[in-house]
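Quick notes on the structure that follows.
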Number of protein chains: 2
Amino acid sequence: MPSKLFVSAQEVAERAGVSRSAVSRTFTPGASVSADTRRRVLEAAEALGYHVNHLARGLMRNESGIVCLIVSDVATPYRSALLRELTIQLQNAGKVAMFVNTDRSDGSVDRALQQAIRYRADASIILSGLPDKSITQLCLRSGQRLVLINRDDDQPGPLKINLDDYESGGRIATAFVRAGCKTLAFANSEAGTPSLMGRERGFIAAATKLGLEVVVERYGSTGYEAGRVLAQRMLTRAERPDGVFCATDLLACGFMDAARHQFGLSIPDQLCVAGFDDIEQASWSSFNLTTFAQPVMAIATQAVKWLATGGNEDEPEEAHSVRLKAELIWRGSIRKG
Amino acid sequence: MPSKLFVSAQEVAERAGVSRSAVSRTFTPGASVSADTRRRVLEAAEALGYHVNHLARGLMRNESGIVCLIVSDVATPYRSALLRELTIQLQNAGKVAMFVNTDRSDGSVDRALQQAIRYRADASIILSGLPDKSITQLCLRSGQRLVLINRDDDQPGPLKINLDDYESGGRIATAFVRAGCKTLAFANSEAGTPSLMGRERGFIAAATKLGLEVVVERYGSTGYEAGRVLAQRMLTRAERPDGVFCATDLLACGFMDAARHQFGLSIPDQLCVAGFDDIEQASWSSFNLTTFAQPVMAIATQAVKWLATGGNEDEPEEAHSVRLKAELIWRGSIRKG
DNA sequence: GTCGCGCTTGCAAGCGCGTGCAAAGCGAAC
DNA sequence: GTTCGCTTTGCACGCGCTTGCAAGCGCGAC
């Protein structure tokens with residue numbers, strides 16, 4: 001318990017020889033203060049090291065300026081990239097990011113949202129997991145905005161930002177066929193989130209339409225290790241696939257490493273690989289991975305814009321949903337058709 | 001401006017038929033409430049969806065529960081790993097993490113600290129950059145704890161957590177010599193932070209003592225691309241180094257990729273490489289990098305412990321400084337001696 | 001029956017701030 | 001000099017909460 005030593009508006013007022021209201025108004029954009037008063041207040045504030053107490057301000061204004069970011073696996077390249085973009089844009093919008101880490105345990109997201117409520121966050125952005133419907137309702141009733149990124153929930157109210165996962169799956173299938181691949185495969189994790197499943201379904205559908213079957217394997221998380229295991233499973237099959245779409249770049253990295261170092265395969269000559277996310281490592285020359293770029297910046301922009309505009313309650317539900325396009329980044333892990 | 005719809009203690013009190021104080025006490029650990037009252041309050045709170053307003057609580061208690069994390073380059077593997085560990089441990093300690101992104105611009109860290117002050121953060125943890133002395137003082141005067149990680153500042157007051165960078169440099173020099181390396185080099189960035197320079201100096205000192213000279217190059221940031229450039233510069237020298245210590249793993253990854261794919265060198269046969277940080281990618285089979293592990297967990301533990309114990313003002317200044325050991329992780333990028 | 005003790009409970013003050021309201025100040029217009 | 005209109009200023013209240021204080025209550029001991 002720190003002794004209360006933060007300097008308050010009262011002290012500034014006394015030093016500047018004005019009323020406390022004058023101090024308050026000086027730090028409230030748009031309030032009516034004469035140039036002279038403002039100057040004296042600012043001088044006193046500077047000298048004393050005064051900074052407006054946003055806790056108290058939030059109490060009055062009923063608007064804390066806090067936005068809660070709810071996310072698991074922060075240390076993952078894609079997640080941390082998105083996080084970075086979000087925090088930067090939030091800062092530029094005058095908000096401050098509060099950060100809650102979730103694990104995969106039940107109710108973890110719910111607890112995170114309760115934390116957001118306790119701090120009266122203006123909004124919460126959910127990058128992982130799905131909250132319980134009741135708590136979502138509580139948030140919305142409390143006037144808290146909600147953004148779901150790649151979550152694909154059907155509750156009305158939150159802003160939902162999604163990608164064209166299904167179509168991307170289709171696009172890459174075509175690319176594999178053009179490259180002359182005969183045996184396609186999809187390497188997925190067991191997570192089974194809507195985005196991952198969308199890619200899978202789109203890939204299978206397009207391949208089928210093109211007259212090719214797709215082998216699907218699902219294992220573990222969306223990380224590097226799972227990619228290695230998937231490679232072991234797939235590359236030992238009687239009919240070895242020669243075109244593999246991995247649900248994420250990390251899976252692809254693990255897959256490629258195993259394919260090359262354990263199976264001695266050459267990419268893209270003997271095996272074509274594609275990923276999804278366009279994490280930094282995808283561009284490293286060890287991988288040189290053809291992949292889909294998550295429009296991280298656009299996602300963040302959309303999310304922050306929604307918070308800023310204060311999105312009307314009465315606008316049509318369609319307005320609460322945004323679909324962005326994942327851009328295909330062509331590198332060297334698929335043969336040129 | 002959300003209409004005030006958060007439910008307050010008052011409403012809970014009315015519904016439960018008790019006074020507002022009773023509600024407050026129910027949610028204050030250690031306060032005196034009868035089992036019966038507590039039960040009725042909890043029921044009412046549950047029904048109404050009440051959550052204590054931590055903004056108001058912070059105002060009274062003069063303790064917000066907020067800890068501010070100040071960091072640049074969040075999307076970098078090492079940073080995000082540390083961040084992850086910190087947020088998890090903070091959460092377990094009942095704190096909540098507030099997140100401020102800094103760029104490399106002047107005063108960026110100072111602005112971040114001001115943000116921390118505005119929200120009356122109980123503490124700030126600085127992972128990047130260095131604050132101005134005046135603002136550090138202001139923080140301390142205001143009763144805010146400060147933690148500097150790998151920052152090596154000499155101001156008294158903050159807790160300083162550092163590694164044995166110098167000694168690590170020495171250890172790896174020995175390893176190179178044992179592996180039979182004849183021409184050593186140190187690949188550094190231009191950042192020139194104390195930790196990077198410590199590794200450099202320790203490496204040079206040990207190598208010199210062992211009778212070897214060290215070529216030093218510094219370029220760019222601590223990232224992959226800089227590693228590539230450094231490889232280009234170093235591997236085209238007349239006397240090509242055969243043992244290279246890279247200041248960070250990312251540099252090492254870039255260096256290795258260039259060495260293999262551009263110069264056709266085989267690692268560790270023709271070239272030994274070591275890094276620092278032990279980021280996840282270091283363990284990938286494409287790199288299989290011998291490196292030093294940052295004791296991320298221990299760093300976080302130390303930082304959080306310091307916040308919890310409320311560190312006495314009057315304890316000796318030495319207690320404000322912690323030195324941790326980086327563990328050498330032996331993989332395959334250095335020949336066995 | 002009375003007293004005293006310990007646990008509960010309500011009252012009220014106050015944390016630092018924003019803001020409506022009315023009084024004050026000031027200059028221009030007549 | 002008076003009036004009008006606009007800007008600036010201070011007062012006082014309230015945001016939702018914690019907490020010291022004193023009153024209330026139940027109960028066993030005498």
Side-chain angles (χ1 to χ4, degrees), chain A residues 1-41 44-45 48-66 117-122 142-143, chain B residues 1-41 44-45 48-66 117-122 142-143:
Chain A
M1 43 231 64
S3 39
K4 61 148 191 166
L5 290 166
F6 285 99
V7 19
S8 76
Q10 180 63 48
E11 305 173 46
V12 177
E14 280 161 16
R15 175 162 180 138
V18 298
S19 79
R20 209 175 42 78
S21 331
V23 178
S24 179
R25 283 193 251 264
T26 301
F27 292 99
T28 303
S32 157
V33 221
S34 70
D36 184 52
T37 314
R38 150 167 267 115
R39 188 184 46 72
R40 289 164 60 195
V41 169
L48 263 42
Y50 170 75
H51 291 268
V52 177
N53 186 335
H54 272 50
L55 266 44
R57 170 176 281 187
L59 205 53
M60 278 300 304
R61 291 229 184 120
N62 221 45
E63 196 177 4
S64 61
I66 297 175
I117 292 181
R118 282 196 283 270
Y119 280 95
R120 298 303 189 257
D122 297 339
S142 306
Chain B
M1 43 237 68
S3 40
K4 62 147 186 164
L5 290 168
F6 285 99
V7 19
S8 75
Q10 180 64 48
E11 305 173 47
V12 177
E14 279 161 18
R15 174 161 182 140
V18 298
S19 78
R20 211 163 43 81
S21 332
V23 178
S24 179
R25 284 193 252 261
T26 300
F27 291 99
T28 303
S32 157
V33 221
S34 71
D36 185 52
T37 315
R38 152 168 265 115
R39 188 184 47 72
R40 289 163 60 193
V41 168
L48 263 43
Y50 169 75
H51 290 270
V52 177
N53 186 334
H54 272 50
L55 266 46
R57 169 175 282 188
L59 203 54
M60 276 302 304
R61 292 229 184 121
N62 220 47
E63 195 175 5
S64 61
I66 297 174
I117 292 180
R118 281 196 283 268
Y119 280 95
R120 299 303 189 255
D122 297 338
S142 307

So, OP1 or OP2 of [N]: does either fall under 4.0 Å of a side-chain N or O from [X]?
{"X": "Tyr50(A)", "N": "dC17(C)", "value": "yes"}
{"X": "Thr37(B)", "N": "dT9(C)", "value": "yes"}
{"X": "Ser8(B)", "N": "dG16(D)", "value": "no"}
{"X": "Ser21(B)", "N": "dT19(D)", "value": "no"}
{"X": "Ser32(A)", "N": "dT8(D)", "value": "yes"}
{"X": "Arg57(A)", "N": "dG18(C)", "value": "yes"}
{"X": "Ser19(A)", "N": "dC11(D)", "value": "no"}

Steps toward side chain to side chain contact (heavy atoms under 4.5 Å, CB included) verdict (Glu11(B), Arg15(B)): CA-CA 6 Å; Glu11(B) 305 173 47; Arg15(B) 174 161 182 140; over 6 Å; no
Rounded to whole angstroms, how far apart are [atom1] on [X] and [atom2] on [N]?
{"X": "Asp36(B)", "N": "dT9(C)", "atom1": "CG", "atom2": "C1'", "value": "13 Å"}
{"X": "Glu63(B)", "N": "dG16(C)", "atom1": "CD", "atom2": "C1'", "value": "17 Å"}
{"X": "Gln10(A)", "N": "dC11(D)", "atom1": "CD", "atom2": "P", "value": "10 Å"}
{"X": "Arg61(A)", "N": "dG16(C)", "atom1": "CZ", "atom2": "P", "value": "18 Å"}
{"X": "Arg38(A)", "N": "dT9(D)", "atom1": "CZ", "atom2": "P", "value": "11 Å"}
{"X": "Asn62(B)", "N": "dC17(D)", "atom1": "CG", "atom2": "C1'", "value": "13 Å"}
{"X": "Tyr119(A)", "N": "dC17(D)", "atom1": "OH", "atom2": "P", "value": "14 Å"}
{"X": "Phe6(A)", "N": "dC17(C)", "atom1": "CZ", "atom2": "P", "value": "11 Å"}

Trace of the side chain to side chain contact (heavy atoms under 4.5 Å, CB included) decision for Thr28(B) with Val52(B): CA-CA 10 Å; Thr28(B) 303; Val52(B) 177; over 6 Å; no
Derivation of the side chain to side chain contact (heavy atoms under 4.5 Å, CB included) call for Ser24(A) and Arg20(A): CA-CA 6 Å; Ser24(A) 179; Arg20(A) 209 175 42 78; 5.5 Å; no
First of Met60(A) and His51(B) reached from the 5' end of DNA chain D, by closest nucleotide: Met60(A)
Sugar-phosphate, base or nothing in reach of Ser24(B), heavy atoms under 4.0 Å: base
Touch class at under 4.0 angstrom, heavy-atom based, for Val33(A) against every strand present: sugar-phosphate
Residue Val52(A), side-chain heavy atoms: nucleotide from dG18(C), dT19(D), dT8(D) that is nearest: dG18(C)
Side chain Arg20(A) and base dG18(C) donor-acceptor under 3.5 Å: yes
Most 5' of His54(A) and Arg25(A) on DNA chain C, judged by nearest nucleotide: His54(A)
Closest heavy-atom pair and its distance - Val12(A), Ala45(A): CG1-N, 3.9 Å
Any donor-acceptor N/O pair, Arg120(A) side chain to Ile117(A) backbone, under 3.5 Å: yes
Nearest-0.5 Å distance, CG of residue Asn53(A) to CG of residue Leu55(B): 8.5 Å
